Asker: 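Take this structure, written in structure tokens, and hold onto it; I'll ask about it next.
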Amino acid sequence: MVTEKNGWTIWSVSGRLDRVTSAQAGEEADKIFAAAEKFAVEMSGLEYLSSAGIRILLSLTKKAKAEGKDFALVGAAGMVKAVLVETRMDMFAKIFGSAEELP
């Protein structure tokens, strides 16, 4: 699902972002990202995030940096938040508690 807020295009992901779902999710993210000026991944409905999912997020951060776009991760909780902390994603992307916090 895609929503807009304060100029941000917000792509909501849910369920699992893993080896099985990452190819399709990556293609979807790339299409949505291409049309966005500011892009956020809303993760409150995400239950599981594997290394394959982290690769998608890292790819998006690299594209955002190369294209001069704002990029953020929002709403991560539980195991997903723990994975973001462990992988130090805060070094690559802005992380917010919810979409309401986006500037």
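On a predicted model such as this, the values are computed, not experimentally measured, just so you know. What's counted below: heavy atoms across the whole structure, side chains too, no hydrogens, waters or symmetry copies.
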Asker: Who pairs with Phe92 by ring pair (Phe, Tyr, Trp, His ring centres under 6.0 Å), at least two apart in sequence or on another chain?
Answerer: none

Asker: When rounded to the nearest 0.5 angstrom, what is the spacing between NZ in Lys38 and NZ in Lys94?
Answerer: 9.0 Å

Asker: Val74 and Ile95: side-chain contact (heavy atoms from CB on, under 4.5 Å), yes or no, with the steps?
Answerer: CA-CA 6 Å; Val74 299; Ile95 299 177; over 6 Å; no

Asker: Would a 4.5 Å heavy-atom cut-off, applied to side chains only, mark Leu57 and Leu49 as touching?
Answerer: yes

Asker: Does any part of the side chain of Lys5, heavy atoms only, come nearer than 4.5 Å to the side chain of Glu100, both counted from C-beta?
Answerer: yes

Asker: Does Ser44 have any side chain to side chain contact (heavy atoms under 4.5 Å, CB included) partners at least two apart in sequence or in another chain, and if so, which?
Answerer: Glu42

Asker: Once you round to the nearest 0.5 Å, how far does CD of Glu86 lie from CE of Met79?
Answerer: 10.5 Å

Asker: So, taking the atom named CE in Met1 and the one named CD1 in Ile32, what distance separates them when rounded to the nearest 0.5 Å?
Answerer: 11.0 Å

Asker: Out of curiosity, Met43 CE to Ser14 OG, how far, rounded to the nearest 0.5 Å?
Answerer: 11.5 Å

Asker: Can you tell me how the ring of Phe39 sits relative to the ring of Phe71, calling it parallel under 30°, perpendicular over 60° and tilted otherwise?
Answerer: parallel

Asker: Which distance, rounded to the nearest 0.5 Å, do you find between the OG of Ser51 and the CZ of Arg19?
Answerer: 10.0 Å

Asker: Under 4.5 Å between side-chain heavy atoms, counting indirect links through other Ile/Leu/Val/Met/Phe/Trp/Tyr residues: same cluster for Met91 and Leu58 or not?
Answerer: yes

Asker: Please enumerate all residues that pass salt bridge (Lys or Arg N to Asp or Glu O under 4.0 Å) together with Lys63, with sequence neighbours excluded.
Answerer: Asp30

Asker: Just wondering, do Asn6 and Leu102 contact through their side chains at under 4.5 Å, heavy atoms?
Answerer: no

Asker: Test side-chain contact (heavy atoms from CB on, under 4.5 Å) on Ile54 and Met89 and set out the steps.
Answerer: CA-CA 9 Å; Ile54 291 291; Met89 281 300 294; 4.2 Å; yes

Asker: Identify the residue among Val41, Ile56, Val80 that makes a side chain to side chain contact (heavy atoms under 4.5 Å, CB included) with Val13.
Answerer: Val41

Asker: Side-chain donor-acceptor pair under 3.5 Å between Thr9 and Glu37, yes or no?
Answerer: no

Asker: Hey, what do you get for CD (Glu27) to CD (Gln24), rounding to the nearest 0.5 Å?
Answerer: 7.5 Å

Asker: Taking a hydrophobic cluster as the set of Ile, Leu, Val, Met, Phe, Trp and Tyr residues connected by side-chain heavy atoms closer than 4.5 Å, whether directly or through intermediates, do Leu46 and Phe96 fall within one such cluster?
Answerer: no

Asker: Which heavy atom of Lys69 sits nearest to which heavy atom of Ala34, and what is that distance?
Answerer: NZ-O, 3.5 Å

Asker: Looking at side-chain heavy atoms only, is the closest gap between Leu60 and Phe33 below 4.5 Å?
Answerer: yes

Asker: Evaluate Leu17 against Tyr48 for side-chain contact (heavy atoms from CB on, under 4.5 Å), listing each step before the verdict.
Answerer: CA-CA 6 Å; Leu17 195 51; Tyr48 181 79; over 6 Å; no

